[in-house]
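Contents: one structure, followed by commentary.
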Amino acid sequence: MKRLLTLAILAVLWALPVLAMESAPVSSPRAVVTLVSETDAIQPGQPFRIGLNLRMADGWHTYWKNPGDAGAAPELTIAGGTASPIDWPTPRRVAEGPVMTYAYTGQVLLPVTVTASNGAIKAHAQWLICKEICVPEEGDFALTLPVGTPGPSPQAELFAAHDRAVPRASPWAAQIAPDGTLFVKGPELRPATVTDAWFIPDQADRILDDAAQPLSVRNGGFTLSLKPGRGFDANTGLSGVLSVRDRAGMQADVVINAAPGAAPAPAMPPLGQVLVFAFLGGLILNLMPCVFPILAMKAVALARHGGRGHAHSLSYTAGVLVMFVALAALLLAARAAGSAAGWGFQFSSPIFVAAMTWLLFAVGLNLSGVFQVGGLEGAGSGLAARHGVAGSFFTGLLAVLVATPCTAPFMGVAIAAGLAAPPAVTLLVFAVMGLGLASPYVALAAIPGLARVMPKPGRWMDIFKQALAFPMYGAAAWLLWVVSQEAGPGGVLATAAGLVLVGFAGWVLGASQAASLQPRRIGQAAAAVAMLLALAVLSGISAVPVGATTTTAEAGAEAFSAERLAALRAEGKPVFVNMTAAWCVTCLVNERVAIGTTAVREAFAANGVTYLKGDWTRQDPAITEFLRQNGRDGVPLYVFYPAHGGQPQVLPQILTESQMLGLLRAA
């Protein structure tokens with residue numbers, strides 16, 4: 001019996017140092033908290049680590065040093081020695097209703113490094129623990145460590161696990177731009193490796209914590225588009241934890257200190273390749289629906305001159321080039337002023353769209369014979385005199401204006417590269433695009449073999465000319481619908497009233513053209529008054545607030561937002577993004593023949609694909625940012641995000657149903 005008692009006493013005495021490695025717990029239904037030591041003994045004056053060990057019940061969490069939009073960081077005060085700040089492990093992003101917080105769930109160790117003269121350590125801690133409600137808790141803790149040769153304590157594995165969860169120093173250089181764009185550069189960062197990334201600032205109010213962080217990866221680095229907060233100042237840099245996930249699902253957490261500076265411009269194709277793309281894009285633009293009405297005027301002009309109108313072809317080409325260069329200059333000026341302008345930007349103005357509606361309607365009236373302004377190829381200007389050469393010039397101007405709602409293949413790369421280049425290169429790229437648009441007309445006029453196959457002029461031309469007025473009326477009707485999307489019913493009424501005034505001006509002008517001098521002047525004056533009234537009506541057209549129209553309302557489609565896209569990707573769901581606009585004819589055709597078919601919608605449903613649709617009719621800045629992240633300056637843009645964080649795929653600008661079905665089957 002005495003022997004058993006002795007063994008029991010020895011066992012208790014042996015266990016005392018072990019028990020001393022962990023304090024008595026402070027417990028609640030929400031958490032059990034203790035103070036633990038990494039070593040089983042200390043050397044006076046030598047640093048060692050202790051830590052606050054929180055074991056939280058399911059669903060409860062506490063916070064990081066920057067808690068985010070809500071919460072409070074734990075605090076630990078040490079008595080009996082000097083202590084370092086808490087060595088914080090990487091937190092999780094935890095959405096709490098409409099706010100985003102940075103927190104820990106389950107179990108977390110918050111260690112500090114202590115230097116003490118003896119092993120009697122006391123500490124006071126307070127922490128906030130939250131679920132549906134938040135409860136502040138606190139506790140006093142005591143450790144008694146023997147003096148001796150240090151060795152690992154039974155809790156040492158907690159510290160080893162903590163060390164694996166602490167973010168490392170970043171091997172990558174980082175810059176933060178004034179607009180909040182974070183650029184990270186490293187040779188191993190490329191689309192084949194990086195599938196997701198997010199940034200957590202180490203100080204509050206530096207960014208909007210609940211905002212999405214759209215990722216754009218290219219060879220040698222990636223960008224995260226952060227939304228600046230009230231305390232953001234790019235001039236002082238930005239620090240925090242960057243988490244990067246690779247294709248294998250592994251996550252790397254690093255501490256970055258982003259230096260001030262704009263993110264480097266994305267790598268662009270060689271200039272020769274960009275110019276080839278620009279020419280091909282302009283050439284294919286002739287086949288886009290936007291340009292069909294103008295093809296009518298060019299066809300009549302070619303027939304009239306039997307394909308031998310060299311002066312007309314040069315004049316038309318000059319008009320095309322002047323308008324392309326003018327558009328490039330306007331885009332550069334708008335961007336220099338801070339506007340998010342892109343290809344087709346002028347069609348976001350209902351005033352411009354209404355004016356184009358009237359212009360195409362007037363061209364139709366001219367082709368129908370209501371009035372005459374020089375040669376058949378005149379595009380609505382009395383300057384079409386002098387054998388119609390000036391008319392060909394203005395036809396070229398008009399061809400470019402009505403072509404801008406369309407984006408042809410190859411144009412996206414060319415426009416993006418051109419706008420990212422120095423201004424002189426931008427102007428060159430747009431001029432080459434104009435040469436592509438004008439090249440068929442130039443070829444028909446300059447190559448004798450092509451001229452011989454042109455029909456000879458005759459009476460049929462008058463009938464053909466009148467028939468070609470109807471594409472103009474059709475284009476005017478389409479633009480009136482665009483006005484309805486941008487300016488609502490009031491804009492439609494004003495535009496329709498302007499059409500009546502334009503029609504009256506054309507009628508009274510045509511009725512007086514064959515009269516003597518005095519009646520002709522009266523007719524011209526009446527037409528001028530009608531046009532002045534139309535201009536007065538034009539000034540009253542204004543855009544309705546975003547969201548007041550339902551341009552892109554469509555069964556099975558959700559409205560695009562960067563936040564919704566980020567949430568779907570975080571859930572591992574496949575997503576199809578369609579960026580469109582009411583004035584983009586290519587977009588509308590693609591939606592009718594490829595995206596909106598029954599087979600494609602059924603394939604979306606069968607594969608669990610979420611369809612997000614963005615309306616750029618009035619150039620929503622969030623959509624503009626998304627376009628730029630994907631190397632585009634105009635619509636359409638189609639991006640497919642495979643399930644489970646797969647690499648996004650940018651689709652061609654011309655879609656087919658079979659192409660969409662093949663994409664969904666492959667995914």
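Rounded to the nearest 0.5 angstrom, C587 SG and K613 NZ are separated by 9.5 Å. Separating the CG atom in L226 from the CZ atom in F232 is a distance of 7.5 Å, to the nearest 0.5 Å. Taking OH of Y316 as the reference point, atom CG of L321 lies at 10.0 Å (rounded to 0.5 Å). For the atom pair CG of L509 and CG of L365, the computed distance is 10.5 Å after rounding to the nearest 0.5 Å. The line from CE of M433 to CG of L275 is 9.5 Å long, rounded to the nearest 0.5 Å. To the nearest 0.5 Å, atoms CG (L499) and CG (L480) are separated by 6.5 Å.
In this structure, the side chain of S315 engages the main chain of F393 through a donor-acceptor pair within 3.5 Å. With S484 contributing its side chain and W481 its backbone, the two residues share a donor-acceptor pair below 3.5 Å. A distance-only check finds no donor-acceptor pair linking the side chain of T181 to the backbone of A177 [under 3.5 Å]. D615 places no side-chain N or O within 3.5 Å of a backbone atom of A581 that could act as its donor or acceptor partner. The backbone N or O of A496 sits nowhere less than 3.5 Å from a side-chain atom of W358 that would complete a donor-acceptor pair.
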Test log, rule side-chain contact (heavy atoms from CB on, under 4.5 Å), inputs Y611 and V577:
CA-CA 6 Å; Y611 176 20; V577 176; over 6 Å; no
Could you walk me through whether F604 and M660 pass the side-chain contact (heavy atoms from CB on, under 4.5 Å) check?
CA-CA 10 Å; F604 278 162; M660 288 293 297; 3.9 Å; yes
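Nearest heavy-atom pair across A211 and E563 is CA-OE2, 4.5 Å. Between V483 and V492, the closest heavy-atom pair is CG1-N, 4.0 Å. Minimum interatomic distance between F430 and A328 (heavy atoms only, all atoms of both residues): CG-CB, 3.5 Å. Nearest heavy atom pair, residue S512 against residue V508, reads OG-O, 3.0 Å. T317 approaches A438 most closely through the heavy-atom pair OG1-CB, 3.7 Å. Taking each heavy atom of A234 and P178 in turn, the nearest pair found is CB-CA, 3.7 Å.
Counting heavy atoms from C-beta outward, V502 and M531 have side chains that approach closer than 4.5 Å. Using a 4.5 Å cut-off on side-chain heavy atoms (C-beta onward), P228 and I207 make no contact. Looking at heavy atoms from C-beta onward, I623 lies in side-chain contact with F560 at the 4.5 angstrom threshold. Counting heavy atoms from C-beta on, the side chains of F324 and L437 come closer than 4.5 Å. Between F277 and V429 the shortest side-chain heavy-atom distance does not fall below 4.5 Å. Residues M579 and F626 have side chains in contact (heavy-atom distance under 4.5 Å, counting atoms from C-beta outward). No side-chain heavy atom of E657 sits under 4.5 Å from any side-chain heavy atom of V593. Side chains of L651 and V639 form no contact here, defined as non-hydrogen atoms less than 4.5 Å apart.
Ring orientation note: the planes of F470 and Y473 are nearly perpendicular, at an angle over 60° on the 30°/60° scale. The aromatic rings of F576 and F640 sit tilted, their planes meeting at an angle between 30° and 60°.
S561 meets the side-chain hydrogen bond (donor to acceptor under 3.5 Å, both in side chains) test with no other residue; sequence neighbours excluded.
Salt bridge status for R564 with E558: present, with a side-chain N to carboxylate O gap under 4.0 Å.
No hydrogens or angles considered: nothing links the side chains of T580 and N578 as a donor-acceptor pair under 3.5 Å.
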